[in-house]
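This structure is in C-alpha coordinates; I'll ask about it shortly.
Below, all heavy atoms of this structure are taken into account, side chains as well, without hydrogens, waters or symmetry copies. From a predicted model like this one, the values you see are computed outputs, not experimental measurements. Whatever order the structure lists ligands and atoms in, that order sets their numbers, starting from 1.
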Amino acid sequence: MAELLLKTDSLTKIYKKHKAVNAVSMHVERGAVYGFIGKNGAGKTTFMKMIAGLANPTSGSIALFGRTGSELAEVRSKLGCLIEAPGIYPKLTAFENMQLKCLALHRYSKEYVYELLNLVGLANTGKKKSGHFSLGMRQRLGIALALVAEPEMMVLDEPINGLDPQGIVEVRDTIHRLSSERGITVLISSHILDELSKIATHYGIINNGELIRELSSEQLVAECSSSLEITVKNASTHAADVLHRLGVEFRIVDGDRISVTQGIERSAEINTALVQNGFAVSELTVHKAALEDYYLSLTGGGSNA
Ligand code: ATP
(Lines give C-alpha, C1' and ligand atoms only; values in the text may rest on other atoms or scores of the structure.)
Protein backbone atom coordinates (compact mmCIF):
# COMPACT_ATOMS: atom_id res chain seq x y z
CA MET A 1 0.00 0.00 0.00
CA ALA A 2 1.19 3.51 -0.80
CA GLU A 3 2.39 5.80 1.98
CA LEU A 4 -0.50 7.43 3.84
CA LEU A 5 -0.03 11.19 4.24
CA LEU A 6 -3.25 11.51 6.18
CA LYS A 7 -4.91 8.90 8.34
CA THR A 8 -7.62 9.62 10.84
CA ASP A 9 -9.00 7.16 13.31
CA SER A 10 -12.57 7.65 14.57
CA LEU A 11 -12.15 11.42 14.36
CA THR A 12 -15.11 13.09 16.03
CA LYS A 13 -16.23 16.67 16.64
CA ILE A 14 -19.27 17.38 18.77
CA TYR A 15 -20.78 20.88 18.96
CA LYS A 16 -22.99 20.92 22.05
CA LYS A 17 -24.87 17.66 21.42
CA HIS A 18 -24.52 17.66 17.65
CA LYS A 19 -21.98 15.26 16.10
CA ALA A 20 -20.72 17.39 13.19
CA VAL A 21 -18.05 14.75 12.45
CA ASN A 22 -18.78 11.26 13.70
CA ALA A 23 -15.96 8.67 14.01
CA VAL A 24 -14.39 9.38 10.62
CA SER A 25 -11.50 7.09 9.64
CA MET A 26 -10.00 8.51 6.43
CA HIS A 27 -7.00 7.35 4.42
CA VAL A 28 -5.25 9.65 1.93
CA GLU A 29 -2.30 8.19 0.01
CA ARG A 30 0.65 10.22 -1.22
CA GLY A 31 -0.05 11.47 -4.75
CA ALA A 32 -3.83 11.10 -4.49
CA VAL A 33 -6.41 13.68 -5.44
CA TYR A 34 -8.92 12.72 -2.78
CA GLY A 35 -12.43 14.01 -3.42
CA PHE A 36 -14.29 14.51 -0.15
CA ILE A 37 -17.94 14.51 -1.10
CA GLY A 38 -20.94 15.40 1.01
CA LYS A 39 -24.00 17.62 1.05
CA ASN A 40 -24.04 21.03 2.68
CA GLY A 41 -23.73 20.55 6.42
CA ALA A 42 -22.39 16.99 6.13
CA GLY A 43 -19.27 17.88 8.13
CA LYS A 44 -16.59 18.47 5.47
CA THR A 45 -15.41 21.88 6.69
CA THR A 46 -15.35 20.78 10.31
CA PHE A 47 -13.26 17.73 9.37
CA MET A 48 -10.82 19.82 7.33
CA LYS A 49 -10.50 22.38 10.13
CA MET A 50 -9.42 19.62 12.49
CA ILE A 51 -6.82 18.44 9.96
CA ALA A 52 -5.54 22.01 9.55
CA GLY A 53 -5.37 22.54 13.32
CA LEU A 54 -8.13 25.17 13.26
CA ALA A 55 -10.53 23.12 15.42
CA ASN A 56 -9.85 20.66 18.21
CA PRO A 57 -11.23 17.12 17.87
CA THR A 58 -13.61 15.95 20.58
CA SER A 59 -12.14 12.44 20.22
CA GLY A 60 -10.25 10.23 17.81
CA SER A 61 -6.83 10.78 16.28
CA ILE A 62 -5.07 12.34 13.29
CA ALA A 63 -1.82 11.09 11.74
CA LEU A 64 -0.22 13.47 9.23
CA PHE A 65 2.93 12.40 7.40
CA GLY A 66 3.08 9.54 9.89
CA ARG A 67 3.14 11.86 12.91
CA THR A 68 0.52 12.16 15.64
CA GLY A 69 -0.21 14.02 18.86
CA SER A 70 2.22 16.76 19.84
CA GLU A 71 4.24 16.27 16.62
CA LEU A 72 1.32 17.38 14.46
CA ALA A 73 2.03 21.11 14.84
CA GLU A 74 5.47 20.65 13.30
CA VAL A 75 4.36 18.62 10.25
CA ARG A 76 1.45 20.95 9.53
CA SER A 77 4.04 23.21 7.87
CA LYS A 78 3.93 20.69 4.99
CA LEU A 79 0.19 21.34 4.61
CA GLY A 80 -1.26 24.11 2.44
CA CYS A 81 -4.84 24.93 3.42
CA LEU A 82 -7.60 26.87 1.74
CA ILE A 83 -10.53 26.69 4.12
CA GLU A 84 -13.29 29.28 3.84
CA ALA A 85 -12.27 32.67 2.34
CA PRO A 86 -8.63 32.94 1.26
CA GLY A 87 -6.68 35.73 3.00
CA ILE A 88 -6.32 38.16 0.12
CA TYR A 89 -5.72 41.92 0.31
CA PRO A 90 -8.32 43.31 -2.15
CA LYS A 91 -6.47 46.55 -2.84
CA LEU A 92 -3.34 44.71 -3.96
CA THR A 93 -2.67 42.97 -7.29
CA ALA A 94 -2.04 39.24 -7.54
CA PHE A 95 1.69 39.91 -7.73
CA GLU A 96 1.66 42.19 -4.67
CA ASN A 97 -0.35 39.69 -2.62
CA MET A 98 2.17 36.99 -3.53
CA GLN A 99 5.10 39.27 -2.85
CA LEU A 100 3.85 39.99 0.68
CA LYS A 101 3.37 36.31 1.47
CA CYS A 102 6.77 35.39 0.02
CA LEU A 103 8.50 38.14 2.00
CA ALA A 104 6.79 36.98 5.19
CA LEU A 105 8.11 33.45 4.59
CA HIS A 106 11.55 34.66 3.42
CA ARG A 107 11.07 33.11 0.01
CA TYR A 108 10.76 36.16 -2.18
CA SER A 109 12.10 36.33 -5.68
CA LYS A 110 10.29 37.80 -8.66
CA GLU A 111 10.83 34.55 -10.61
CA TYR A 112 9.29 32.47 -7.81
CA VAL A 113 6.19 34.68 -7.67
CA TYR A 114 5.74 34.41 -11.45
CA GLU A 115 6.36 30.67 -11.39
CA LEU A 116 3.49 30.19 -8.93
CA LEU A 117 1.20 32.72 -10.65
CA ASN A 118 1.84 30.88 -13.90
CA LEU A 119 0.93 27.58 -12.32
CA VAL A 120 -2.49 28.92 -11.32
CA GLY A 121 -2.97 30.86 -14.57
CA LEU A 122 -2.77 34.37 -13.05
CA ALA A 123 0.57 35.59 -14.39
CA ASN A 124 -1.09 38.03 -16.80
CA THR A 125 -3.43 39.91 -14.48
CA GLY A 126 -1.13 42.98 -14.44
CA LYS A 127 -2.37 45.94 -12.43
CA LYS A 128 -5.84 44.55 -11.76
CA LYS A 129 -6.59 44.71 -8.04
CA SER A 130 -7.57 41.34 -6.59
CA GLY A 131 -10.73 42.92 -5.15
CA HIS A 132 -11.93 43.06 -8.77
CA PHE A 133 -11.11 39.41 -9.48
CA SER A 134 -13.82 36.85 -10.21
CA LEU A 135 -14.48 34.25 -7.50
CA GLY A 136 -12.53 31.66 -9.52
CA MET A 137 -9.53 33.99 -9.82
CA ARG A 138 -9.63 34.62 -6.08
CA GLN A 139 -9.69 30.88 -5.43
CA ARG A 140 -6.68 30.39 -7.69
CA LEU A 141 -4.83 33.25 -5.99
CA GLY A 142 -5.65 31.59 -2.67
CA ILE A 143 -4.12 28.36 -3.99
CA ALA A 144 -1.00 30.24 -5.17
CA LEU A 145 -0.65 31.87 -1.75
CA ALA A 146 -0.91 28.47 -0.07
CA LEU A 147 1.77 27.16 -2.45
CA VAL A 148 4.38 29.69 -1.31
CA ALA A 149 5.39 27.47 1.60
CA GLU A 150 5.89 24.53 -0.81
CA PRO A 151 3.37 22.20 0.80
CA GLU A 152 3.41 18.46 0.11
CA MET A 153 -0.33 18.27 0.61
CA MET A 154 -3.13 20.77 -0.04
CA VAL A 155 -6.45 20.85 1.80
CA LEU A 156 -9.01 22.72 -0.31
CA ASP A 157 -12.51 23.29 1.05
CA GLU A 158 -15.10 23.65 -1.73
CA PRO A 159 -12.82 25.61 -4.09
CA ILE A 160 -15.30 25.04 -6.92
CA ASN A 161 -18.39 26.12 -5.01
CA GLY A 162 -20.23 29.05 -6.58
CA LEU A 163 -18.01 29.27 -9.67
CA ASP A 164 -19.31 29.72 -13.21
CA PRO A 165 -18.53 26.90 -15.70
CA GLN A 166 -15.38 28.66 -16.95
CA GLY A 167 -14.17 29.20 -13.37
CA ILE A 168 -14.79 25.53 -12.57
CA VAL A 169 -12.64 24.42 -15.52
CA GLU A 170 -9.82 26.81 -14.52
CA VAL A 171 -9.75 25.75 -10.87
CA ARG A 172 -9.96 22.08 -11.87
CA ASP A 173 -7.11 22.55 -14.31
CA THR A 174 -5.05 24.22 -11.58
CA ILE A 175 -5.65 21.33 -9.18
CA HIS A 176 -4.78 18.83 -11.88
CA ARG A 177 -1.47 20.65 -12.42
CA LEU A 178 -0.68 20.72 -8.69
CA SER A 179 -0.95 16.98 -8.75
CA SER A 180 0.62 16.12 -12.10
CA GLU A 181 3.38 18.77 -12.29
CA ARG A 182 4.24 19.19 -8.62
CA GLY A 183 3.29 15.81 -7.19
CA ILE A 184 1.22 17.51 -4.50
CA THR A 185 -1.32 15.33 -2.71
CA VAL A 186 -4.73 17.03 -2.65
CA LEU A 187 -7.71 16.67 -0.33
CA ILE A 188 -10.57 18.59 -1.94
CA SER A 189 -14.17 18.85 -0.79
CA SER A 190 -17.28 19.43 -2.83
CA HIS A 191 -20.99 18.77 -2.55
CA ILE A 192 -21.15 17.69 -6.20
CA LEU A 193 -19.54 14.36 -7.12
CA ASP A 194 -19.72 15.05 -10.86
CA GLU A 195 -17.46 18.10 -10.50
CA LEU A 196 -14.63 16.13 -8.99
CA SER A 197 -14.90 13.06 -11.18
CA LYS A 198 -12.54 14.50 -13.79
CA ILE A 199 -9.61 14.89 -11.40
CA ALA A 200 -10.14 12.71 -8.33
CA THR A 201 -8.25 9.44 -7.94
CA HIS A 202 -10.02 8.53 -4.70
CA TYR A 203 -13.25 9.46 -2.98
CA GLY A 204 -14.58 9.65 0.53
CA ILE A 205 -18.32 10.12 0.88
CA ILE A 206 -19.57 11.77 4.06
CA ASN A 207 -23.18 11.95 5.19
CA ASN A 208 -24.49 13.31 8.50
CA GLY A 209 -20.93 13.45 9.82
CA GLU A 210 -20.15 9.80 8.99
CA LEU A 211 -17.76 8.63 6.28
CA ILE A 212 -20.01 6.12 4.56
CA ARG A 213 -17.63 5.00 1.79
CA GLU A 214 -14.01 5.35 0.73
CA LEU A 215 -13.24 4.13 -2.78
CA SER A 216 -10.88 4.57 -5.70
CA SER A 217 -12.00 6.10 -9.00
CA GLU A 218 -11.76 2.61 -10.57
CA GLN A 219 -14.10 1.21 -7.93
CA LEU A 220 -16.48 4.10 -8.48
CA VAL A 221 -16.62 3.46 -12.22
CA ALA A 222 -17.22 -0.25 -11.58
CA GLU A 223 -20.00 0.48 -9.09
CA CYS A 224 -21.66 2.98 -11.42
CA SER A 225 -21.90 0.36 -14.13
CA SER A 226 -25.57 -0.39 -14.09
CA SER A 227 -26.06 -2.87 -16.91
CA LEU A 228 -24.41 -4.73 -19.77
CA GLU A 229 -26.36 -4.38 -23.01
CA ILE A 230 -25.81 -7.20 -25.51
CA THR A 231 -27.00 -7.16 -29.10
CA VAL A 232 -27.19 -10.72 -30.39
CA LYS A 233 -29.01 -12.25 -33.37
CA ASN A 234 -32.10 -14.15 -32.19
CA ALA A 235 -31.91 -13.63 -28.44
CA SER A 236 -33.91 -16.82 -28.01
CA THR A 237 -34.59 -18.94 -24.96
CA HIS A 238 -31.51 -20.90 -26.00
CA ALA A 239 -29.37 -17.77 -25.44
CA ALA A 240 -31.14 -17.39 -22.10
CA ASP A 241 -30.06 -20.95 -21.22
CA VAL A 242 -26.42 -20.00 -21.85
CA LEU A 243 -26.69 -17.01 -19.51
CA HIS A 244 -28.56 -19.07 -16.90
CA ARG A 245 -25.72 -21.57 -16.89
CA LEU A 246 -23.27 -18.70 -16.22
CA GLY A 247 -25.39 -17.64 -13.24
CA VAL A 248 -25.77 -13.97 -14.21
CA GLU A 249 -28.99 -11.97 -13.86
CA PHE A 250 -30.51 -10.66 -17.08
CA ARG A 251 -33.66 -9.97 -19.04
CA ILE A 252 -34.40 -10.37 -22.73
CA VAL A 253 -35.37 -6.88 -23.91
CA ASP A 254 -36.52 -7.89 -27.40
CA GLY A 255 -35.63 -10.32 -30.19
CA ASP A 256 -32.09 -8.97 -30.52
CA ARG A 257 -31.20 -7.46 -27.17
CA ILE A 258 -30.33 -8.81 -23.73
CA SER A 259 -29.68 -6.66 -20.67
CA VAL A 260 -27.44 -8.16 -17.97
CA THR A 261 -27.99 -6.53 -14.58
CA GLN A 262 -25.74 -8.61 -12.35
CA GLY A 263 -22.41 -10.10 -13.34
CA ILE A 264 -21.50 -7.09 -15.52
CA GLU A 265 -17.82 -7.46 -14.68
CA ARG A 266 -17.89 -10.86 -16.45
CA SER A 267 -18.53 -9.29 -19.87
CA ALA A 268 -15.63 -11.13 -21.60
CA GLU A 269 -16.81 -14.50 -20.25
CA ILE A 270 -20.42 -13.78 -21.28
CA ASN A 271 -19.30 -12.83 -24.78
CA THR A 272 -17.21 -15.99 -25.17
CA ALA A 273 -19.99 -18.25 -23.90
CA LEU A 274 -22.53 -16.77 -26.33
CA VAL A 275 -20.15 -16.97 -29.29
CA GLN A 276 -19.13 -20.56 -28.44
CA ASN A 277 -22.82 -21.52 -28.42
CA GLY A 278 -23.29 -20.15 -31.90
CA PHE A 279 -24.70 -16.68 -31.16
CA ALA A 280 -23.35 -13.76 -33.22
CA VAL A 281 -22.73 -10.97 -30.68
CA SER A 282 -22.63 -7.70 -32.62
CA GLU A 283 -22.45 -5.30 -29.68
CA LEU A 284 -21.65 -5.40 -25.98
CA THR A 285 -21.75 -2.13 -24.03
CA VAL A 286 -21.71 -1.23 -20.36
CA HIS A 287 -24.30 1.39 -19.40
CA LYS A 288 -23.17 3.72 -16.66
CA ALA A 289 -25.44 5.20 -14.04
CA ALA A 290 -24.87 8.93 -13.56
CA LEU A 291 -22.39 9.64 -10.77
CA GLU A 292 -24.91 11.87 -9.03
CA ASP A 293 -27.47 9.04 -9.03
CA TYR A 294 -24.90 6.74 -7.46
CA TYR A 295 -24.08 9.33 -4.81
CA LEU A 296 -27.74 9.94 -4.06
CA SER A 297 -28.30 6.20 -3.73
CA LEU A 298 -25.64 6.17 -0.99
CA THR A 299 -26.74 9.31 0.83
CA GLY A 300 -30.47 9.03 0.30
CA GLY A 301 -30.86 12.47 -1.38
CA GLY A 302 -32.16 15.61 0.35
CA SER A 303 -30.08 17.90 2.56
CA ASN A 304 -28.30 17.48 5.86
CA ALA A 305 -28.74 21.11 6.76
P1 ATP B 1 -20.99 23.32 4.04
O2 ATP B 1 -20.59 22.91 2.68
O3 ATP B 1 -22.40 23.85 4.11
O4 ATP B 1 -19.98 24.16 4.79
P5 ATP B 1 -20.00 21.07 5.50
O6 ATP B 1 -20.12 19.69 4.98
O7 ATP B 1 -18.68 21.73 5.35
O8 ATP B 1 -21.12 21.95 4.85
P9 ATP B 1 -19.80 21.77 8.27
O10 ATP B 1 -19.65 23.23 7.99
O11 ATP B 1 -18.63 21.02 8.72
O12 ATP B 1 -20.44 21.03 7.00
O13 ATP B 1 -20.97 21.62 9.34
C14 ATP B 1 -21.37 20.35 9.87
C15 ATP B 1 -22.42 20.57 10.94
O16 ATP B 1 -21.83 21.17 12.10
C17 ATP B 1 -23.55 21.50 10.52
O18 ATP B 1 -24.75 21.01 11.05
C19 ATP B 1 -23.18 22.82 11.14
O20 ATP B 1 -24.33 23.59 11.41
C21 ATP B 1 -22.46 22.39 12.42
N22 ATP B 1 -21.43 23.34 12.83
C23 ATP B 1 -20.34 23.70 12.13
N24 ATP B 1 -19.58 24.57 12.79
C25 ATP B 1 -20.21 24.80 13.99
C26 ATP B 1 -19.92 25.61 15.14
N27 ATP B 1 -18.83 26.35 15.22
N28 ATP B 1 -20.81 25.55 16.17
C29 ATP B 1 -21.90 24.78 16.11
N30 ATP B 1 -22.23 24.00 15.06
C31 ATP B 1 -21.40 24.00 14.03
Test applied, side chain to side chain contact (heavy atoms under 4.5 Å, CB included); reference residue, Leu79; option that passes from Leu6, Leu72, Leu64, Leu187: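 Per the side chain to side chain contact (heavy atoms under 4.5 Å, CB included) rule, the option paired with Leu79 is Leu64, out of Leu6, Leu72, Leu64, Leu187.
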Check ion pair Glu115-Arg182 (N to O, under 4.0 angstrom):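 Between Arg182 and Glu115 there is a salt bridge, with a charged N closer than 4.0 Å to a carboxylate O.
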Salt bridge Lys19-Glu210, side-chain N to carboxylate O under 4.0 Å: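 Salt bridge absent between Lys19 and Glu210.
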Atom indices of ligand 1, in the order listed, that fall short of 4.0 Å to a heavy atom of Lys44: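 Numbered from 1, ligand 1 contributes 2 (O), 5 (P), 6 (O), 7 (O), 8 (O), 11 (O), 12 (O).
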Contact partition for His18 relative to ligand 1, non-hydrogen atoms under 4.0 Å: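 The answer is the side chain.
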Whether Glu158 lies under 4.0 Å from ligand 1, heavy atom: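 It does, in that a heavy atom of Glu158 comes within the 4.0 Å cut-off of ligand 1.
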Side-chain donor/acceptor of Tyr112 to backbone N/O of Val148, under 3.5 Å: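 Looks like yes, one N/O pair under 3.5 Å.
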Closest contact, heavy atoms only, Leu145 versus Gly87: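 Closest approach of Leu145 to Gly87: CD1-O, 3.8 Å.
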Short N or O distance, Gly41 and ligand 1, threshold 3.5 Å exclusive: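 Among all N and O atoms of Gly41, at least one is under 3.5 Å from an N or O of ligand 1.
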Cluster link Leu215 to Val186, ILVMFWY, side chain under 4.5 Å: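 Leu215 and Val186: one cluster.
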Any Met48 heavy atom less than 4.0 Å to ligand 1: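 It does not, in that no heavy atom of Met48 comes within the 4.0 Å cut-off of ligand 1.
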Residue-ligand contact Lys39/ligand 1, heavy atom below 4.0 Å: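 It does; at least one heavy atom falls under 4.0 Å.
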Polar contact flag for Gly43 and ligand 1 (N/O pairs, less than 3.5 Å):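 Gly43 vs ligand 1: N/O contact under 3.5 Å present.
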